[in-house]
Amino acid sequence: MTSTSEAMDTGDLIARAEEGLGLARPEIVHLLSLDDPAQVEALYQAADRVRRRCVGDEVHLRGVIEFSNHCRNNCTYCGLRRDNAKLARYRMEDDEIVECALGIAEGPCGTVVLQAGEDPAFTAERLCGIISAIRARTPLAVTLSVGRWPYEDLKAFRDAGASRYLLRHETANASLYESLCPGRRLSDRIECIRHLKRLGFETGMGCMVGLPGQTVEDLASDILLMQEMDADMIGIGPFIPHGDTPLAGHPPGDAEMVLKMLAVTRLVTRDTNIPATTALGVLRAEARKRAFSTGANVFMPVYTPKKYAPDYQIYPGKAVSVHEDMPLQEVVDYFSSIGRPIGAGHGARRKR
Ligand code: 5AD
Ligand code: SF4
């Protein structure tokens, strides 16, 4: 039910958000709660204009290598969790990882993302060797997505040549976080994100949408936390239940809510780099494309070798790689068909 005055208020709110005047918590909640299709469309269009104004039309590609699916943690939502005995575990060799990065460097990606569970077999020293080899042999920017590490190790990664780091905060609701990630605390994760910022990493945060018990207020807190921490990159995807985890029976997140989160995040954070996540595509393939008109400007093709990719099963249906279901040329052609050129260079955040 939408009265005219409510519609005008919403229009006014979207206009103010578009100008960059910032949004208070109740305003964010209001925008995330919109369900009138015309208003939702107006929200998306405003986010799309801000995306164009603040980060341009270019889509930046980041090539992902999922180099180990071992994890010492036991997050209840994740298929890589320690207690999932059904998963076939793999670790790539150091040389294999570097070779894979050399392959990425031949294509259109300016960045490689080294991603894995928290695997103790990859010591800081070993990771530093891989980072410096990639930096010595390619022009790629190196992004790490390897979970929580002590300050000294993060510093070593930075010194070895890594310049970006993705560490989703998962949810800004501390008690929800703690119920989903046994034995871990949200405050420690945020502390680690602060270390990353202090060390000069371009830092990625992010959350899942549709976690059991998560409210729209929690989602507003996610956006406000990422704004407060000045996240440079922001990954937002739906929760997708995995059959071999304790959350198997829970419903998945709502793709439309993810799109609204992307749009409001773009309106609030302006010049951040925001990917259309794989999880969104798994939930609804066309929603991942749609994300490029609701705020997203980054695409992260998976380059994990064929023989390993199916086992990087954070959630079901994820094994979509450039080697099989998603040839990179198709991706590039798609972006060119919607008037979005592929970004040249590293695609770093454009600082205000
Ligand atoms: N559904 C969607 N995203 C998930 N992640 C982990 N498990 C799931 C799931 N079941 C996300 C988390 C993590 C990233 C690597 O994947 O946000 O940080
Ligand atoms: Fe490990 Fe990350 Fe999965 Fe948690 S979400 S179990 S830390 S891979």
Side-chain angles (χ1 to χ4, degrees), residues 62 64-87 89-91 113-122 143-149 165-173 176-186 188-190 192-193 196 203-212 214 218-219 222 225-226 231 233-255 257-258 261 274-284 287-288 300 302 304 311-320:
R62 327 287 198 200
V64 181
I65 309 175
E66 298 149 331
F67 64 88
S68 164
N69 70 352
H70 290 258
C71 189
R72 62 182 170 152
N73 292 325
N74 221 6
C75 307
T76 52
Y77 45 80
C78 176
L80 307 194
R81 68 197 304 270
R82 185 176 71 221
D83 287 354
N84 182 8
K86 289 198 185 156
L87 185 67
R89 306 278 174 171
Y90 71 87
R91 273 183 193 112
V113 180
L114 301 177
Q115 184 165 76
E118 293 191 13
D119 179 359
F122 282 90
T143 303
L144 298 177
S145 176
V146 291
R148 262 187 59 209
W149 288 79
Y165 204 109
L166 308 177
L167 191 69
R168 290 185 173 189
H169 65 281
E170 314 294 6
T171 171
N173 177 330
L176 181 59
Y177 179 93
E178 278 142 40
S179 74
L180 296 171
C181 306
R184 298 191 303 147
R185 290 194 328 211
L186 180 62
D188 293 336
R189 200 153 178 96
I190 289 176
C192 186
I193 294 168
L196 292 168
T203 303
M205 295 177 66
C207 59
M208 283 173 281
V209 171
L211 291 166
Q214 190 182 39
D218 292 334
L219 294 174
D222 286 319
L225 177 65
M226 294 187 287
M233 305 172 281
I234 295 178
I236 299 173
F239 159 68
I240 298 175
H242 186 300
D244 302 321
T245 66
L247 300 186
H250 286 269
D254 172 34
M257 182 58 94
V258 175
M261 279 289 285
I274 303 182
T277 54
T278 311
L280 184 56
V282 167
L283 199 60
R284 242 178 51 199
R288 193 182 197 187
M300 300 173 70
V302 172
T304 308
D311 292 324
Y312 202 78
Q313 229 198 84
I314 295 180
Y315 43 81
K318 211 205 120 289
V320 178

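Computed from heavy atoms alone, side chains included, the values below leave out hydrogens, waters and symmetry copies. FYI, the numbering just counts along the sequence from 1. Order of listing sets the numbers, starting from 1, for every ligand and every atom in it.
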- [ ] Apply side chain to side chain contact (heavy atoms under 4.5 Å, CB included) to Leu80 and Tyr312, showing your working.
- [x] CA-CA 7 Å; Leu80 307 194; Tyr312 202 78; 3.7 Å; yes
Open item on the list: Protein heavy atoms near atom 2 (Fe) of ligand 2, is at least one of them under 4.0 angstrom away?
Closed with: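 No, there is no protein heavy atom closer to it than 4.0 Å.
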Residue pair [X] / [Y], side-chain heavy-atom distance below 4.5 Å:
X: Pro252; Y: Pro241; answer: yes
X: Glu170; Y: Phe239; answer: no
X: His169; Y: Tyr177; answer: no
X: Met300; Y: Thr278; answer: no
X: Val146; Y: Tyr165; answer: yes
X: Cys207; Y: Ile236; answer: yes

Tell me: protein heavy atom nearest [atom], and distance?
atom: atom 7 (S) of ligand 2; result: Asn73 ND2, 3.4 Å
atom: atom 4 (C) of ligand 1; result: Met208 SD, 3.4 Å
atom: atom 9 (C) of ligand 1; result: Ile240 O, 3.5 Å
atom: atom 15 (C) of ligand 1; result: Ile314 CD1, 3.7 Å
atom: atom 2 (C) of ligand 1; result: Pro238 O, 3.1 Å

TODO: Measure from atom 3 (Fe) of ligand 2 to each N, O or S atom of Cys78 and report whether any distance is below 2.8 Å.
DONE: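 So Cys78 counts as coordinating atom 3 (Fe) of ligand 2, yes.
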Task: Nearest-0.5 Å distance that lies between atom CG in Leu225 and atom CE in Met205 - done: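 Going from the CG atom of Leu225 to the CE atom of Met205 covers 4.0 Å.
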Which atoms of ligand 2 have any heavy atom of [X] under 4.0 Å away?
X: Cys71; answer: 1 (Fe), 6 (S), 7 (S), 8 (S)
X: Tyr77; answer: 5 (S)
X: Cys75; answer: 4 (Fe), 5 (S), 6 (S), 7 (S)

Open item on the list: So for atom CZ, which belongs to Arg185, do other residues, nucleotides or ligands contribute more than 12 heavy atoms lying within a distance under 6.0 Å?
Closed with: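 Atom CZ in Arg185 is not crowded, with 12 or fewer foreign heavy atoms closer than 6.0 Å.
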Report yes if some N/O of [X] lies less than 3.5 Å from some N/O of ligand 1; otherwise report no.
X: Glu170; answer: yes
X: Arg168; answer: yes
X: Pro241; answer: no

Task: ligand 1 atoms in contact with Phe239 (distance to a heavy atom under 4.0 Å) - done: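 Near Phe239, the atoms of ligand 1 are 1 (N), 2 (C), 10 (N).
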- [ ] Number the atoms of ligand 1 from 1 as they appear, then name those within less than 4.0 Å of a heavy atom of Cys78, with their elements.
- [x]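 Atoms satisfying the 4.0 Å criterion: 7 (N).
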Task: Residue from Leu283, Asp254, Val282 passing side-chain contact (heavy atoms from CB on, under 4.5 Å) with Pro238 - done: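 Running side-chain contact (heavy atoms from CB on, under 4.5 Å) over Leu283, Asp254, Val282 with Pro238 returns exactly one hit, Leu283.
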- [ ] Give a yes/no verdict on whether any heavy atom in His242 is under 4.0 Å from an atom of ligand 1.
- [x]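 False for this residue.
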